[in-house]
Amino acid sequence: MRIAVAGATGMIGRRLVEVLEGGGHDVVAMSRSSGVDAATGGGLDAALKGVDCVIDVTNSGSIEQGAATEFFTSVARNLNEAGERAGVRRMVVLSILAVDRFTAGYMAAKAAQERAALAGPLQVRVLRAAQFHEFAAQNLEWGRQGDVSHVPRMRIQPVAAEAVVQELARLATEPEWAPGAPPIVDIAGPREEELADMTARLAARRGDPVRVEGVENPDDPDGDAVRAGVLLAGPDAVLAGPTFEEWLRSAS
């Protein structure tokens, strides 16, 4: 198959290109650095010629709801429209678990992306992934202030980024999508975790003396839902290992 990856220079995109090429597929790695801008549509018509499936793993440069919504919905529309012109049959979109249950911020922008993608002419499957194991390291640095790192209190069911890559590749390369199959697939890890606790364990494993403190944002309109477990996997989710602890041991 000839498969285009939009967002090919990000963490997921780079690995996805490697996995698809390793499986013998012809991969078009699309990014601004390669002359393709999915947000504006520039270069898409040429890049999508002969492509069977496009995978959207792009990410917004902003977490602000308005800017992120504009980016994600523009990419979804452009990929659908250019894909239809080029004869692309289908599209796989990476999203986040439970985005349809959020009312604001980046998560609401991802929900808008899903709606825009599913409203287009291409056949679409959305993979909603739980937060990655790698999310702990990101939050450790984002919240660092001197010898303390302030990390949001969140109940999550983290999954390895590699497992998400493998599921994206599987969806994209399936010979046929069953008629009437659910357009949205959830994937999560095998265990519930608390983000601040994960981050503290990561710091300890690294020998980082920073003190991790879990914090709550009283102004977050979706905070109660997160604390209630909205980001945990439902009964129909694909559960993929390793656990965070297993991943932490292997990563270190």
Side-chain angles (χ1 to χ4, degrees), residues 3-20 27-44 47-48 53-80 82-83 91-100 102 104-118 120 124-143 152 154 156 158-169 171-172 184-188 195 222 231:
I3 302 172
V5 177
T9 57
M11 177 184 71
I12 295 294
R14 290 194 304 271
R15 179 60 183 147
L16 185 55
V17 169
E18 292 174 351
V19 167
L20 291 168
V27 181
V28 181
M30 301 192 302
S31 65
R32 289 189 182 125
S33 60
S34 68
V36 182
D37 189 335
T40 64
L44 277 180
L48 293 179
C53 178
V54 58
I55 308 176
D56 179 8
V57 293
T58 57
N59 197 11
S60 169
S62 172
I63 62 171
E64 190 274 322
Q65 183 177 346
T69 299
E70 175 61 28
F71 173 84
F72 285 128
T73 56
S74 294
V75 170
R77 286 193 299 268
N78 290 335
L79 290 176
N80 259 297
M91 177 164 64
V92 178
V93 179
L94 178 60
S95 188
I96 304 173
L97 203 67
V99 289
D100 58 327
F102 282 74
Y106 182 83
M107 299 289 268
K110 290 292 289 183
Q113 175 192 28
E114 291 185 359
R115 293 191 295 270
L118 290 165
V124 173
R125 291 290 183 272
V126 175
L127 180 63
R128 287 180 177 170
Q131 287 67 33
F132 303 147
H133 292 328
E134 291 82 354
F135 195 47
Q138 294 173 328
N139 275 272
L140 182 66
E141 298 310 317
W142 290 340
M154 298 173 63
I156 60 176
V159 65
E162 180 66 19
V164 174
V165 167
Q166 295 293 337
E167 184 65 10
L168 287 167
L171 288 170
I184 296 172
V185 178
D186 291 347
I187 185 170
L195 178 59
D222 298 304
L231 292 172

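Just so you know, these numbers come straight off a predicted model, no measurement behind them. All residue numbers in this chain count up from 1 along the given sequence. Just the heavy atoms: all of them, side chains too, but no hydrogens, waters or symmetry mates, feed the values below.
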Requested in this report: List the atom of I3, the atom of A172, and the distance in Å for their closest heavy-atom pair.
Outcome: CD1-CB, 4.5 Å
Query raised in the report: Less than 4.5 Å apart, any side-chain heavy atom of V159 and any of E167?
Result: no
Requested in this report: Check A39 against N78 and note the closest heavy-atom contact, atom names and distance.
Outcome: O-ND2, 3.0 Å
Query raised in the report: From M30 CE over to L44 CG, what is the distance, rounded to the nearest 0.5 angstrom?
Result: 5.5 Å
Query - Side chain N80, main chain A117, donor-acceptor under 3.5 Å - result: yes
Query raised in the report: For the atom pair OG1 (T73) and CD (E70), what is the distance rounded to the nearest 0.5 Å?
Result: 5.0 Å
Report task. Grab the two heavy atoms, one from A8 and one from V17, that are nearest each other, plus how far apart they are. Result -> CB-CG2, 4.1 Å
Query raised in the report: Can you name the one residue among V124, I55, V126 that meets side-chain contact (heavy atoms from CB on, under 4.5 Å) with M91?
Result: V124
Report summary line: Shortest non-hydrogen pair, G105 vs Q65, comes out as N-OE1, 2.9 Å
Query raised in the report: How far does CD of Q131 sit from CG of L195, to the nearest 0.5 angstrom?
Result: 8.0 Å
Query raised in the report: For F132 and V164, which heavy atoms make the closest approach, and how far apart are they?
Result: CE2-CG2, 3.6 Å
Report summary line: CD1 (I96) and CG (L127) are apart, to the nearest 0.5 Å, by 11.5 Å
Query - Spacing of SG belonging to C53 relative to CZ belonging to R125, to within rounding of 0.5 Å - result: 10.5 Å
Report task. Return the set of residues passing ring-ring contact (aromatic ring centres under 6.0 Å, His included) with Y106 (not counting sequence neighbours), or none when no residue passes. Result -> F72
**Report entry** Partners meeting side chain to side chain donor-acceptor pair (under 3.5 Å) with D186 (sequence neighbours left out)
**Finding:** none
Report task. Over all heavy atoms of both residues, which pair between E64 and S62 is shortest? Give the atoms and the distance, please. Result -> N-OG, 3.0 Å
Report summary line: Quick note, side-chain hydrogen bond (donor to acceptor under 3.5 Å, both in side chains) partners involving residues 5-17, not counting sequence neighbours, are R15-E18, R15-E162
**Report entry** The single option from Q113, E114, K110, R128 passing side-chain hydrogen bond (donor to acceptor under 3.5 Å, both in side chains) against S95
**Finding:** E114
Query raised in the report: Has the side chain of D37 got a donor or acceptor atom that lies under 3.5 Å from a matching backbone atom of R32?
Result: no
Report summary line: Only residue of L168, L20, V28 satisfying side-chain contact (heavy atoms from CB on, under 4.5 Å) with V5 is L20
